[in-house]
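Chain letters run A, B, ... following the sequence lines, proteins first and then strands; every chain starts at 1. Source: prediction; values computed, not measured.
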Amino acid sequence: MHYQPLHDALFSWYQTHGRHDLPWRNTRDPYPIYLSEIMLQQTQVATVLERFYFPFLERFPTLKSVAEAPEEAVLKAWQGLGYYTRARNLHACAKACDGTLPGSAAELEQLPGIGKSTARAVAAFAYHEPVAILDANVKRIIHRFFALASPTPKTLWEKTDALLDAARPYDYNQAMMDLGATVCTPKAPECAVCPLASGCRGKTDPTAYPEPKKKKAVPHHARYALVQLHKGKIGLMLRKEKLLGGLWGFVQQDTAPEVHELLGTARHAYSHFKLTLSACLVEGDLPGCDGWFSLEEIAALPLSKIDETILAMVKHRFETV
DNA sequence: GAAGCGTGGCG
DNA sequence: TCGCCAAGCTT
């Protein structure tokens, strides 16, 4: 209520500086809105926009088409975007609601892969439900606006609810995200042009909020990837653990195989460890594979980034014999 | 509450 | 080369 002047300033700023051309805005179809929210979790707008959003919608025009497809096809469309639990949950969600998303945040939050923030985002953007979101951008603004160094999640949700303009939930939430993304940035926020500055308690020292988190040491693993050849086919395993689960890839082991040809070395930084893989060409029907494929068949399978890198080494090896 | 979970871009 | 960060959810 007493935030009315700030809301007015926010909307005025949003009208001029908001990212109004994003394709998942200006629609009330919950599916593309939901899809964008899932793709954008921990992922930058440019990545989603330039490489994944439109191809995915072309392959799966409706949530019903997702529900009717095999999980592997959804993972293939997700390949390269990372955090593949999102794709598995997207498929599970589509099946759980049979291709029709429910009409409220409370119901959306019951579906797999939809937490409180995503549920509220879809409800606010598709149904104009008066709920506030708390994504990374809004969270940073809330920390600074209320000068909270290390609040509990409960406090953050209370504060984001308190700041909501319930009369305009769509514009309010979009404006807050844009403000966090372009003005109230992690480093060097531009308080001088911020429409919320007059009410912000953290503006004298914005980078003190939130409190910087302690960094942990990132482990580094060195392993061997087996490129197994047998009767003209390549042996791959179907990963079943949480890391890259549902994707196909080369069998890995901690020690070098007895006889092998080194194809090359690939490095990759995952979210919580680093990996160096030495790709070893080995002959014969070794254990550990779930399937044998030609190069053409592999092209249709979902693979992780580092497995694609190794696959490129294999192609190069046999093109230059 | 903390850890696990991908990838790409940037300084 | 490296650390940080980007529309979080699950366990």
Side-chain angles (χ1 to χ4, degrees), chain A residues 18-19 22-25 32-53 75 78-90 92-93 108-126 132-142 150-157 160 170 172-182 184-189 207 210 212-220 239 241-247 249 266-276 302-309:
Chain A
R19 299 173 291 182
L22 296 174
W24 44 83
R25 294 188 177 175
I33 293 171
Y34 157 71
L35 178 67
S36 73
E37 291 298 329
I38 301 299
M39 284 189 164
L40 287 162
Q41 288 172 5
Q42 307 292 282
T43 307
Q44 295 193 340
V45 170
T47 300
V48 170
L49 200 52
E50 293 164 16
R51 295 177 48 199
F52 294 97
Y53 180 73
L75 284 166
W78 208 267
Q79 177 174 329
L81 190 51
Y83 284 140
Y84 298 95
T85 296
R86 294 183 295 174
R88 298 195 297 275
N89 280 335
L90 169 63
C93 172
L108 286 162
E109 197 176 343
Q110 303 306 311
L111 290 164
I114 302 185
K116 195 168 183 176
S117 193
T118 299
R120 285 175 171 224
V122 174
F125 300 149
I133 65 171
L134 192 61
D135 75 301
N137 291 310
V138 176
K139 192 178 291 186
R140 189 168 51 253
I141 296 174
I142 297 297
S150 51
T152 63
K154 182 172 182 291
T155 297
L156 284 170
W157 279 107
T160 201
Y170 181 97
Y172 171 82
N173 284 305
Q174 299 283 19
M176 288 288 280
M177 282 196 294
D178 286 358
L179 189 66
T182 63
C184 195
T185 51
K187 299 170 184 173
T207 55
K213 37 189 161 183
K214 302 157 190 170
K215 52 200 169 198
K216 292 174 301 182
V218 178
H220 187 176
R239 305 198 186 287
E241 58 273 26
K242 279 196 296 182
L243 179 69
L244 306 176
L247 276 66
R267 301 165 57 83
H268 191 77
Y270 290 92
S271 57
H272 56 297
F273 71 96
K274 293 182 181 179
L275 177 64
T276 299
L303 268 66
S304 73
K305 174 68 178 175
I306 198 165
D307 282 315
E308 284 288 357
T309 300

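Across A:Arg88 and A:Leu75, no two heavy atoms sit closer than the pair CG-CD2, 4.1 Å. Annotation for A:Val122 and A:Tyr34: closest pair CG2-CA, 3.8 Å, computed over non-hydrogen atoms.
A perpendicular orientation is assigned to the rings of A:Tyr270 and A:His268, their planes being inclined by more than 60° (bins at 30° and 60°).
To the nearest angstrom, C1' of B:dG8 lies 12 Å from OH of A:Tyr84. Atom CD in A:Glu50 sits about 13 Å away from atom P in B:dG8, given to the nearest Å. For the pair A:Asp307 CG and B:dT7 C1', the interatomic distance rounds to 14 Å; values are reported in whole Å. Between the P atom of B:dG8 and the CE atom of A:Met39 lies a distance of 14 Å, rounded to the nearest Å. As rounded to whole Å, 18 Å separates atom P of C:dG3 from atom OH of A:Tyr270. Atom pair A:Leu243:CG and B:dG4:P shows a separation of 11 Å (rounding to whole Å applied). Atom P of nucleotide B:dT7 and atom CG of A:Leu49 are separated by 20 Å, given to the nearest angstrom. Atom CZ of A:Phe273 and atom P of B:dA3 are 17 Å apart (whole Å).
Within a 6.0 Å sphere centred on NZ of A:Lys305, heavy atoms belonging to other residues, nucleotides or ligands number 12 at most.
B:dG6 and C:dT11: their P atoms are spaced 14 Å apart (whole Å). When the C1' atom is used for both C:dA6 and B:dG1, the distance is 23 Å, rounded to whole Å.
Partner of A:Met176 under the side-chain contact (heavy atoms from CB on, under 4.5 Å) criterion, chosen from A:Val138, A:Asn137, A:Ile133, A:Leu134: A:Val138.
With sequence neighbours left out, the salt bridge (charged side-chain N to carboxylate O under 4.0 Å, His left out) criterion links A:Arg267 to no other residue.
Contact check, A:His268 against B:dG6: no side-chain N or O comes under 4.0 Å of OP1 or OP2.
Within 4.0 Å of A:Ala269, counting heavy atoms only, lies at least one base atom of the nucleic acid. Residue A:Leu81 is in base contact, counting any heavy-atom pair closer than 4.0 Å across all strands shown. Residue A:Lys139 is out of contact with every strand shown, counting any heavy-atom pair closer than 4.0 Å.
Using a 4.0 Å cut-off between a side-chain N of Lys or Arg and a carboxylate O of Asp or Glu, A:Arg140 and A:Asp135 do not qualify as a salt bridge.
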- Query: What string of B, S and - do you get for nucleotides 4-11 of chain C 5' to 3' if you count protein non-hydrogen atoms under 4.0 Å?
  - Reply: SSBBBSS-
